[in-house]
Chemist: 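Let me begin by handing over the structure; questions about it come next.
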Amino acid sequence: MSYRSDIEIARDAKKHPIQTIGDKLGIPADQLVPYGHDKAKVSQDFINGLTDRPDGKLILVTAINPTPAGEGKTTTTVGLGDGLNRIGKKAAICIREASLGPNFGMKGGAAGGGLAQVVPMEDMNLHFTGDFHAITSAHNLLSAMIDNHIYWGNELGIDERRVSWRRVLDMNDRALRDTVTSLGGVANGFPRQTGFDITVASEVMAILCLATDLRDLQKRLGDMIVAYRRDRSAIYARDIKADGAMTVLLKDAMQPNLVQTLENNPAFVHGGPFANIAHGCNSVIATKTALKLADYVVTEAGFGADLGAEKFMNIKCRKAGLAPDAVVLVATVRAMKMNGGVAKADLGAENVAAVQAGCPNLGRHIANLKSFGVPVVVAINHFVTDTEAEVQAVKDYVAGQGSEAILCQHWAKGSEGITDLASRVAEIADAGMSQFAPLYPDDRPLFEKIETIAKRIYRADEVLADKSVRDQLHAWEEAGYGHLPVCMAKTQYSFSTDPNLRGAPTGHSVPVREVRLSAGAGFVVVICGQIMTMPGLPRVPSAENIRLNDAGEVEGLF
């Protein structure tokens, strides 16, 4: 049996004017800045007037470690938001914007799937409202101003060997990971080694997603460390006098984007840091705005709960003063079978034993989430090949972990297929069962924070780090940055740093390759294993199948 593709379903959406969607949340039409008929930005003036309103309930959707079998975290986020509205609750969705790199690479878009999507799907997965272009431009303006300062006499005494600020591009391009700039003679400046990261890994992206308003945005931008002098003293973006112009470029990007689901429910789509190399959450300003306007806000955190949810709890909630009322952990029978050793080609055949063998990955995530003091419900994202025995095996396993699993069919049925989960999540959120607390206190030493995550979340035996890494962490502590949380950058495919090690491994080590101080964003990035901050394209990139059809419509996005 064949099914319509996500883009075919999205193309048939019966969208309402964006002013109608805003009205559902009480946003006046004159406080929306429309981008066409179906998307708009919410004005900063309107957001500033919401301060005294009470907050709604915050529901986090996360997942097991991703597999090629698919988990459907964003699809479940969208479906749950629709489901809550279907049962009579006033709910909004908060998700991240899509990066062009994965869209044209392997991962695909970030708008959900099936009958649980946010639209306009094509716009969301391409240029949308230009936020990522603004972030790229602001980041690279700073890069240009650093090199320009050096060229015109280097009044600040920047050590050209210690310029830490790299350039960014919103595309997967491995050739740019390690580059040399300013070749070609005196007129082009002083040659130095540098490189590119993908835009979503930019500290500017992280700052946009953590800042509370434009004033906070500019302060954070100014606090970014971009280089060091020969005496190792820091050079900040404000020393280069770039923070003002960068804020101007980001003025519109700072305003959250409002769109709608296929069922015409409100969705805030804003920010897009990757959870394997950044903190992986929707912007604080979008989430807080939604909490003032809706009784229930469903948001997601990127990749598996070992990355996105951990950073949601330890970074976003800590910085923004948020606390989730309930957590939904998404899993699929297919993914359980892959974790149990079944090849992707054989996932269609019933294999209850493989499901049971793969469930420890799910169990590890349940235990980890509970360690934050939050109630956890498992959403079994249904595939048509799932059998009753396989679904029951997951339910039985989850019950043994002291939680509950609910079968969800939102991909095929929309909100109708997820009302059971919606009712249960609302019940848990309303009961006030959450006793949320971050995993570690602010005053714990940076290396101990890394060890806490490695041992308690990844179940590693040890963290391996050269003396240079430890000395760098100690130097940052002495400079006053020891209170910052840590942002782990590692593979999303495993609890370990080996992407091929599935299930719930123990007895492994976490090698730390590099640490980077994001002083403006307010965290220390810890790069583990072989993770790259500039991804590459796969052998057969999705871009090969993306095109315009004879009607001028986009084909090939997913």
Side-chain angles (χ1 to χ4, degrees), residues 1-18 35-39 66-79 82 93 95-133 136 169-174 198-200 257 259-264 267 269 272 274 300 302 332 334 344-345 347-348 381 383-385 410-414 535-558:
M1 182 177 178
S2 62
Y3 294 90
R4 291 191 299 164
S5 67
D6 292 343
I7 198 167
E8 288 172 332
I9 294 170
R11 194 176 292 141
D12 290 340
K14 302 298 186 290
K15 292 179 287 187
H16 291 175
I18 196 60
Y35 282 64
H37 301 291
D38 52 10
K39 51 190 178 295
T67 70
E71 288 68 52
K73 182 174 67 275
T74 305
T75 306
T76 303
T77 301
V78 177
D82 283 338
I93 296 157
I95 61 175
R96 295 166 299 154
E97 299 177 53
S99 166
L100 291 178
N103 281 334
F104 292 104
M106 180 174 63
K107 181 178 177 290
L115 294 182
Q117 293 188 58
V118 175
V119 288
M121 185 262 213
E122 299 99 315
D123 290 357
M124 273 189 57
N125 286 327
L126 294 172
H127 302 290
F128 201 27
T129 57
D131 293 346
F132 280 25
H133 298 308
T136 303
L169 184 73
D170 190 27
M171 193 58 62
N172 293 5
D173 192 348
R174 63 172 58 83
I198 193 167
T199 295
V200 286
N257 306 297
V259 286
Q260 61 192 289
T261 69
L262 291 175
E263 300 189 14
N264 311 117
V269 182
F274 285 176
E300 65 170 356
T332 63
R334 290 163 56 87
K344 186 177 181 181
L347 292 176
N381 184 22
F383 278 68
V384 293
T385 55
H410 48 287
W411 184 89
K413 298 181 179 180
L537 292 171
R539 182 180 295 274
V540 183
S542 299
E544 293 185 8
N545 298 309
I546 295 174
R547 70 188 194 283
L548 293 175
N549 62 23
D550 292 339
E553 300 167 326
V554 178
E555 298 282 1
L557 284 175
F558 66 100

Chemist: Which residues satisfy the ring-ring contact (aromatic ring centres under 6.0 Å, His included) test with His16, sequence neighbours excluded?
Modeler: none
Chemist: Quick one: closest heavy-atom pair of Gly79 and His410, and the distance?
Modeler: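 Closest heavy-atom pair between Gly79 and His410: CA-CB, 4.2 Å.
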Chemist: Given side chains that start at C-beta, do those of Ser542 and Asn103 come closer than 4.5 Å, heavy atoms only?
Modeler: no
Chemist: Considering only distance and modelled atom types, tabulate donor-acceptor pairs under 3.5 Å from the side chains of residues 549-558, sequence neighbours left out.
Modeler:
{"residue": "Asn549", "atom": "OD1", "partner": "Ala551", "partner atom": "N", "Å": "2.9"}
{"residue": "Asn549", "atom": "OD1", "partner": "Gly552", "partner atom": "N", "Å": "3.1"}
{"residue": "Asn549", "atom": "OD1", "partner": "Glu553", "partner atom": "N", "Å": "2.8"}
{"residue": "Asn549", "atom": "ND2", "partner": "Glu553", "partner atom": "OE1", "Å": "3.1"}
{"residue": "Asn549", "atom": "ND2", "partner": "Glu555", "partner atom": "OE2", "Å": "2.8"}

Chemist: Got a sec, which residues hit side-chain hydrogen bond (donor to acceptor under 3.5 Å, both in side chains) with Thr77, two or more places apart in sequence or on another chain?
Modeler: none
Chemist: Checking Leu347 against Phe383 for the side-chain contact (heavy atoms from CB on, under 4.5 Å) test, could you report, in this order, the C-alpha distance in whole Å, the side-chain angles of both residues, the deciding distance, and whether it holds?
Modeler: CA-CA 11 Å; Leu347 292 176; Phe383 278 68; over 6 Å; no
Chemist: Please list every donor-acceptor pair under 3.5 Å in which a side-chain atom of residues 66-75 meets a protein atom from a residue at least two apart or in another chain.
Modeler:
{"residue": "Thr67", "atom": "OG1", "partner": "Ala69", "partner atom": "N", "Å": "3.1"}
{"residue": "Thr67", "atom": "OG1", "partner": "Glu71", "partner atom": "OE2", "Å": "2.9"}
{"residue": "Glu71", "atom": "OE1", "partner": "Thr67", "partner atom": "N", "Å": "3.2"}
{"residue": "Glu71", "atom": "OE2", "partner": "Thr67", "partner atom": "N", "Å": "3.2"}
{"residue": "Thr74", "atom": "OG1", "partner": "Glu300", "partner atom": "OE1", "Å": "2.7"}
{"residue": "Thr75", "atom": "OG1", "partner": "Gly113", "partner atom": "N", "Å": "3.1"}

Chemist: Which heavy-atom pair separates Met121 from Ala111 by the least distance, and what is that distance?
Modeler: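 So the minimum-distance heavy-atom pair works out to CG-CB, 4.1 Å.
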Chemist: Under the ring-ring contact (aromatic ring centres under 6.0 Å, His included) rule, collect the residues that match up with His37, sequence neighbours excluded.
Modeler: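 ring-ring contact (aromatic ring centres under 6.0 Å, His included) list for His37, sorted by chain: empty.
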Chemist: What residues, two or more places apart in sequence or in another chain, satisfy side-chain hydrogen bond (donor to acceptor under 3.5 Å, both in side chains) together with Asn172?
Modeler: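 Residues passing side-chain hydrogen bond (donor to acceptor under 3.5 Å, both in side chains) with Asn172: none at all.
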Chemist: Contact between Leu126 and Phe104 at the side-chain level, heavy atoms closer than 4.5 Å - yes or no?
Modeler: yes
Chemist: Can you name the salt bridge (Lys or Arg N to Asp or Glu O under 4.0 Å) partners of Asp170, sequence neighbours left out?
Modeler: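 With sequence neighbours excluded, Asp170 shows a salt bridge (Lys or Arg N to Asp or Glu O under 4.0 Å) to no residue whatsoever.
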Chemist: Return the set of residues passing side-chain hydrogen bond (donor to acceptor under 3.5 Å, both in side chains) with Glu263 (not counting sequence neighbours), or none when no residue passes.
Modeler: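 Per chain and number, Glu263 pairs via side-chain hydrogen bond (donor to acceptor under 3.5 Å, both in side chains) with Ser415.
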Chemist: Going by the rule salt bridge (Lys or Arg N to Asp or Glu O under 4.0 Å), which residues pair with Asp6 if we only count those two or more places apart in sequence or in a different chain?
Modeler: none
Chemist: Answer whether the closest heavy-atom distance between the side chains of Ser99 and Thr199 falls below 4.5 Å.
Modeler: no
Chemist: Given side-chain contact (heavy atoms from CB on, under 4.5 Å), test Met124 with Val118 step by step and report yes or no.
Modeler: CA-CA 8 Å; Met124 273 189 57; Val118 175; 3.3 Å; yes
Chemist: For Ile9, give me all partners under side chain to side chain contact (heavy atoms under 4.5 Å, CB included), at least two apart in sequence or on another chain.
Modeler: Arg4, Leu115, Gln117, Leu262
Chemist: Quick check for you: to the nearest 0.5 Å, what is the distance between Gln260 atom CD and Asp38 atom CG?
Modeler: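 One finds 7.0 Å between CD of Gln260 and CG of Asp38.
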Chemist: Can you sort out the partners of Lys413 under side-chain hydrogen bond (donor to acceptor under 3.5 Å, both in side chains), two or more places apart, ordered by chain and number?
Modeler: Gln409
Chemist: Check the pair Val269, Phe128 against side-chain contact (heavy atoms from CB on, under 4.5 Å), reporting the backbone distance first and the verdict last.
Modeler: CA-CA 10 Å; Val269 182; Phe128 201 27; 3.9 Å; yes
